[in-house]
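In what follows, a structure is listed as C-alpha cells, so that the remarks can point back to it.
We name chains A, B, ... by the order of the sequence lines, and we start the count at 1 in each one.
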Amino acid sequence: MSAPARQLDARKGDIVENPYLPYPVRIDDIITETEDKNLKTFRFVFINPEDEEKFAYMPGQFAELSVTGKGEIPIGIASSPTEKGFIKFTVNKVGLVSSYLHSMKAGDVMGVRGPLGNSYPWETLKGKNVVIIGGGFAFTTLRSSIIYMLENRDQFGQIHVIYGARTPGMLLYDQELKAWEARDDMNMHITVDGTDDPNWKYNVGFVPTITEQKAPPADEDTYAIICGPPIMIKFTQPVLDNLGYGHERIIMSLENRMKCGIGMCGRCNIGKDFVCKDGPVFTLAQLNTMPKEY
Amino acid sequence: MGIEPGRLHFSWISSAESTKFVKVATEVTQAVKELGPNRHFVKEKVKVA
Amino acid sequence: MTFVKIDQKKWAEGVSALKKGYQVFGPVKEGKDHEFRKLSGDQMPEMDYGNTRLSPKAAIYPQSEVMFTYTTDERKDDHHILKEPERDETPKAVIGIRPCDAFSFLLVKKNFDTPEYKDPFWLRAYDATTFVGYGCDDPCSSCFCTSAGSGPFDEKGLDVLLVDHEDGYLAKVLTEKGKALTEKAGWTQAFDAGQAEKVFGEKAATAEGKFESQISTDRLADIPSMDLYDAPFWEDIAFSCINCGTCTYLCPTCWCFDIQDECRGCDGVRMRNWDSCMSSLFTLHGSGHNPRGDKVSRVRQRFMHKLKYYVDKYGDGIQCVGCGRCVRKCPVNIDIRKVCEMMNQYDPEAQNECACPTT
Amino acid sequence: MQEYTDKIRQIARRLLEEGTVDMVIGFRKGSMPIMNEPCMVRRPQDVDQLVWDSNCGINLANYLTDRKEKIGVVAKGCDSRNIVTHIIENKIDRDQLHIIGVPCGAMIDKRKIASLVEGEITDVTETEAGKVIVKGEGFEKSFDKAEVLQENCAICIHRNPVVHDEMVAEPVEEQTDVDRYADIREIEAMSDAERKAFFDDLYKECIRCYACRNACPLCYCPTCFVDESRPQWVGKGQNENDIRTFHFLRAYHCAGRCTDCGACERACPVGIKVRMLTKKLEKDCKELFDWEAGISLENRPPLDAYRPNDPDEFIK
C-alpha cells in the first residue's frame with residue numbers, strides 16, 4: 001500500500017496542501033499506561049472537524065506529533081480507523097518532544113501531521129490467518145490492527161495475538177487485553193517476563209518462547225506481524241523460521257530517526273528506501289536484501 | 001570578543017561566605033542594571049526569507 | 001529556440017532592468033572566491049569566474065529557511081497553530097549559473113517533487129526561478145561534468161544559455177521562461193540561428209576537449225547494492241574522513257535537511273536547516289541506538305547514496321553533476337572520482353584479498 | 001623530502017613485519033595539488049603508499065582517539081604535541097604508540113599560493129633549494145618556501161617532535177626570534193566596538209559545517225555542545241549569534257590544550273581564520289601560566305591543576 005497522495009495542482013505551481021503543516025488538534029484525554037509512568041496514551045480531537053476525514057489512515061501508519069517550540073516526533077497510530085471522532089497515540093518518554101508532551105494536559109492545543117508511511121498490507125492479509133507478535137511499548141500499531149480486524153472479523157481467518165512485557169504493570173491497554181482474552185473469535189496470549197503477582201493468570205515467559213508454544217503452524221495462508229524491541233525480534237525470528245514461516249509472510253515495522261516523514265529530509269533511509277515513506281512496514285524478505293541500518 | 005565591558009564578573013565565594021555572596025550578587029545586578037539592556041549578542045527572531 | 005546578441009552595454013542595462021521584476025542572483029567575488037548572492041542596487045554579476053565556492057543551491061533552498069511561524073501565547077486565539085508566513089514571491093533570476101549547477105536542480109527535483117508529496121518551499125522557489133546559464137570555456141582540472149551527465153555547454157535545467165561572443169554574449173533562449181526574461185531585459189537583438197549554432201558547437205567542442213578528469217559509471221547499476229555495501233574498500237576510503245559536513249554543504253545535489261523549532265518569547269518559528277549525513281546526530285535514535293554510528297557507515301552512506309541508491313531509485317544516472325567542489329574543498333582529499341572508480345570496477349567474485357588502493 | 005619518505009617507508013615496513021604495530025598511520029599522495037591524504041597501512045607490502053613532503057598539514061593525532069590497536073604514527077612537531085595531550089587526557093596509551101618522529105620543515109599553504117597566482121593551479125613541487133614551483137595553465141611561478149608557509153608554521157617554535165620512539169632524520173633547527181602574537185596584540189589593542197566588528201566580520205561566512213571542529217584533535221567529545229539537544233545550548237540556524245557562540249565556546253574548550261597546529265584553519269572550506277581565538281587563549285596561557293600545550297607528559301595543564309600563585313586579579 002503506498003502512502004496517500006496529497007492534493008496538488010502542479011500546473012498552477014500552487015501547492016494546495018503543505019505536507020509539513022500539521023492539523024491542529026486538542027488533547028482530549030491522557031491515560032498513563034504503565035507503572036513506570038513512562039508511557040502515556042494521548043487522545044486527540046481535530047480542531048477543524050473536516051481534518052478528520054483528510055486524516056484517513058490504516059493500521060500500521062504513523063504520524064508526526066507536533067509541539068510548537070519543541071519540534072515533532074514520529075509515533076505509530078494506536079487508534080483504529082474504525083474508531084471515529086478521535087485519534088490515539090501512545091508515547092514513550094525519551095527525548096525533548098516526548099518529555100514535553102508528557103507534561104502537557106487535556107485541553108492543550110498541538111498538531112498532528114499525517115497519516116504517514118505505508119500500513120500493514122491489508123489487501124494481502126484479507127482472508128488470511130494473522131499472528132500478531134508484540135513486545136513492550138511497540139504494541140501501538142498492533143492495537144490499531146487488532147481493533148481493525150475485530151471490527152472486520154469476517155475478512156480474516158484465525159487471529160492469534162502474542163503480547164509480552166517485562167511485568168504486568170508494563171502491559172499497554174490493560175483493559176482491552178483482558179477483554180480480548182475473553183473473546184472466542186481470537187486467540188490472545190498475554191505474557192510477562194516475570195511477576196510476583198500470585199493472581200497473574202496468564203503466561204510467564206519471553207515472547208519467543210510463548211511464540212514457539214502458541215503460534216499456529218505455518219502455511220501459505222498464515223502471516224506474522226512482529227513489532228517489538230530488537231532483542232525480541234532477534235530471538236523470535238529463528239522461532240518463526242523453525243515453525244516454517246516464509247520470510248515474505250513475516251511482516252515487520254521499523255523505526256529510524258525521522259524529521260520530515262515524507263521521504264525528503266534524507267535521514268531514515270535504508271539503502272534506497274525510506275523508513276518513513278516506503279516503510280515503516282517491510283516484509284522480512286525485503287529486509288534480507290537491505291543494509292542493516294536500522 | 002565584543003562582550004560589553006562590565007557584564008562579566010568573576011568572584012570566588014566559599015559556601016560559608018553567605019554575606020559575601022549577597023554582597024557580590026547585589027553589586028553585580030546593580031552594575032548590570034545600570035548598563036541597561038544588553039546590546040551585543042542579542043539573538044533576533046529568525047527572519048522569513 | 002531563438003538566439004540573441006547582447007553587447008556589454010545591453011548587458012548592463014538588461015541586468016538593471018531585470019532587477020525591477022526579479023530578485024536577481026549572480027556570482028560576486030568575495031575574497032578570493034566567488035559566491036552566488038542576491039544582487040543589490042547597482043551590483044553586476046561578476047562573470048569572470050571558474051565556479052563558485054558554494055553551489056548556488058541556496059538561491060532556491062536557503063541553508064536556513066522559515067517554514068512556519070506561530071505564537072505560544074495562550075491569550076491569543078490562534079496559539080500553537082502553525083501558519084505559513086508571507087514571503088517575497090517576486091520571481092527569481094539566477095544569472096551566470098554554470099551548466100553543471102543548473103543540471104543539479106533537476107536531480108534534486110526528483111527528491112522534492114514526488115508523486116505522493118510535493119515540497120512546497122522548494123518547488124515554489126524553483127518554479128519562480130529563471131536560470132540563465134553561462135557556458136564554461138575553461139573547466140577546472142578537477143571538473144568531471146562530461147562524465148556525470150552534464151557538460152560545459154549543457155542545456156539541461158536552463159532557460160537561457162549565454163556564451164562569450166565578441167565583446168558581449170550570445171544567448172540561446174531555451175524556454176518560455178527564458179523568453180520572458182530576455183524580453184524583460186531588453187535582450188532582443190536577434191542573431192542568425194545557423195551561425196549561432198556553429199559558435200555554440202565549436203565552443204562546446206573546444207571546452208569538452210579540455211577535460212582531464214572523468215569518472216566511469218557504466219557498471220554501477222548492475223552491481224548488486226548489497227555487494228557494494230559489503231565491499232572491503234570502505235574502511236580505507238573512510239579512514240581519513242573527519243566527518244565534517246564540507247562536502248555535503250558545498251554539493252549542489254545534497255539536499256538533506258533538519259527541522260528545528262525556535263522561540264523568542266512567545267514568537268516561534270519552525271525552520272529547516274541543511275543537514276549532513278556526515279553527522280552522527282543525523283541518524284541517532286532517541287534510545288541512543290545509531291544505525292550509522294561509525295564513520296565508515298556514514299562515509300559509505302554518502303557515496304552509496306550518490307552513486308548507487310540514487311541510480312537504483314530513479315534509473316536515471318548518478319546524483320552528482322561533476323562540479324568537483326567536494327574534491328577541491330575536502331580538507332583531507334577524499335576524492336569522489338577515485339571512490340566512483342572503485343565502486344564501478346568492483347567485482348565481488350574477485351575479492352580474495354584486501355583491496356587497499358594504490359595511488 | 002625523498003629521504004624522509006624512504007625512511008618512513010623503511011621504518012613502517014620494519015614495524016609491520018616485526019609485528020611491533022598493527023597499523024601505521026601516515027600520509028599518502030593526494031589527488032589534488034598541495035594535498036595529501038591521511039591513511040593507514042596494515043600490511044608491509046602497502047607501505048610504499050606512504051609519503052612525506054610539505055603537504056602533510058593534517059594533524060594525525062586526530063586519528064588516534066580511542067583506538068585500541070598498536071599504532072605506528074608519523075608525527076611532526078605539532079602532531080607529537082597533540083599526541084602528548086591525547087595521552088594526558090587518556091584518549092590513547094603511550095604504550096600503544098610507536099611514534100615515528102619527523103623533524104618538520106613547515107607546511108605550505110594552499111590558500112596563500114592560490115592568492116599569489118591567477119588561474120587554477122595544476123601542480124606544485126618543491127626543490128631541494130627551498131623553492132616552491134607552482135604550475136598552472138599558462139603560467140609557472142617560483143616562490144621561496146618561506147613566502148608560502150601556513151601561518152602557524154611560519155611562527156612555529158616546535159618543529160621537532162617532543163616525544164618519539166625513533167626519528168626519521170636529525171632534528172631541524174628551531175626558530176627562535178619569532179613574534180608569535182603580533183596579530184593577537186592588534187586585536188587586543190582594539191576598542192570594544194572594533195573588536196566586535198572584527199569578529200562579526202571574521203565569522204560572517206561560516207556555513208557551520210564544523211570542519212574546524214572535526215579537524216581538531218582536541219575536539220573529541222562524544223556529543224559536542226552544539227549538537228546537544230537536551231538542553232539545546234545553541235540554535236541551529238544561520239543566526240550570527242549562534243555561529244559566534246559555537247566559535248567562542250569551541251575556542252574556550254581548547255584553552256591550554258591548543259598547540260596551534262593550524263588544522264582548523266586548513267580545514268575551513270570558506271577560509272575563516274579560525275586561529276584568531278585559539279591563539280589568544282594560547283597567548284594567555286603562555287603569559288599567565290607559562291604554559292605551552294603538549295610539551296611534557298609530566299606536567300598537568302593549567303586548567304586542570306591549581307597552583308597557589310595562579311593569577312587571580314580578575315576575581316573580585
Over all heavy atoms of both residues, which pair between [X] and [Y] is shortest? Give the atoms and the distance, please.
X       : Y       : result
F239(C) : Y63(D)  : O-CE2, 3.2 Å
S240(C) : P38(D)  : CB-O, 3.1 Å
D258(C) : K236(D) : OD2-CD, 4.4 Å
I207(D) : Q63(C)  : O-NE2, 2.7 Å
A211(D) : C244(C) : CA-CB, 3.3 Å
P331(C) : I58(D)  : O-CD1, 3.2 Å

Checking heavy atoms, do the side chain of [X], its backbone, both or neither come under 4.5 Å from chain D?
X       : value
L284(C) : neither
S276(C) : neither
N273(C) : side chain
N243(C) : both
C330(C) : backbone
I259(C) : neither
R325(C) : neither
E212(C) : neither

[X] [atom1] to [Y] [atom2] distance, which is reported to the nearest 0.5 Å:
X       : Y       : atom1 : atom2 : result
S31(D)  : R328(C) : OG    : CZ    : 11.5 Å
M35(D)  : D335(C) : CE    : CG    : 10.0 Å
Q238(D) : E65(C)  : CD    : CD    : 12.5 Å
L281(C) : C224(D) : CG    : SG    : 10.0 Å
S279(C) : N214(D) : OG    : CG    : 8.5 Å

Examine whether an atom of [X] lies under 4.5 Å from a heavy atom of chain C, and if so say whether it belongs to the side chain, the backbone or both; otherwise answer neither.
X       : result
V270(D) : both
N62(D)  : side chain
A114(D) : both
D242(D) : side chain
E120(D) : side chain
N36(D)  : backbone
I25(D)  : side chain

Worksheet item: Should the heavy atoms of other residues, nucleotides or ligands under 6.0 Å from CD of Q2(D) be counted, would the total exceed 12?
Response: yes
Worksheet, complete the sentence: Comparing E137(D), R208(D), R111(D) against chain C, the one with the most heavy-atom pairs below 4.5 Å turns out to be R208(D)
Worksheet item: What residue, out of C212(D), P269(D), C268(D), S115(D), has the most heavy-atom pairs lying under 4.5 Å from chain C?
Response: P269(D)
Fill in: E37(D) bridged to K338(C) by N-O distance under 4.0 Å
yes
Fill in: Salt-bridge criterion met for E30(C) and K204(D) (N-O under 4.0 Å)
no
Worksheet item: When you measure from the side chain of Q260(C) to the backbone N and O of G235(D), does any donor-acceptor pair fall under 3.5 Å?
Response: no
Fill in: Among E35(C), M278(C), E262(C), residue most engaged with chain D (heavy-atom pairs, under 4.5 Å)
E262(C)
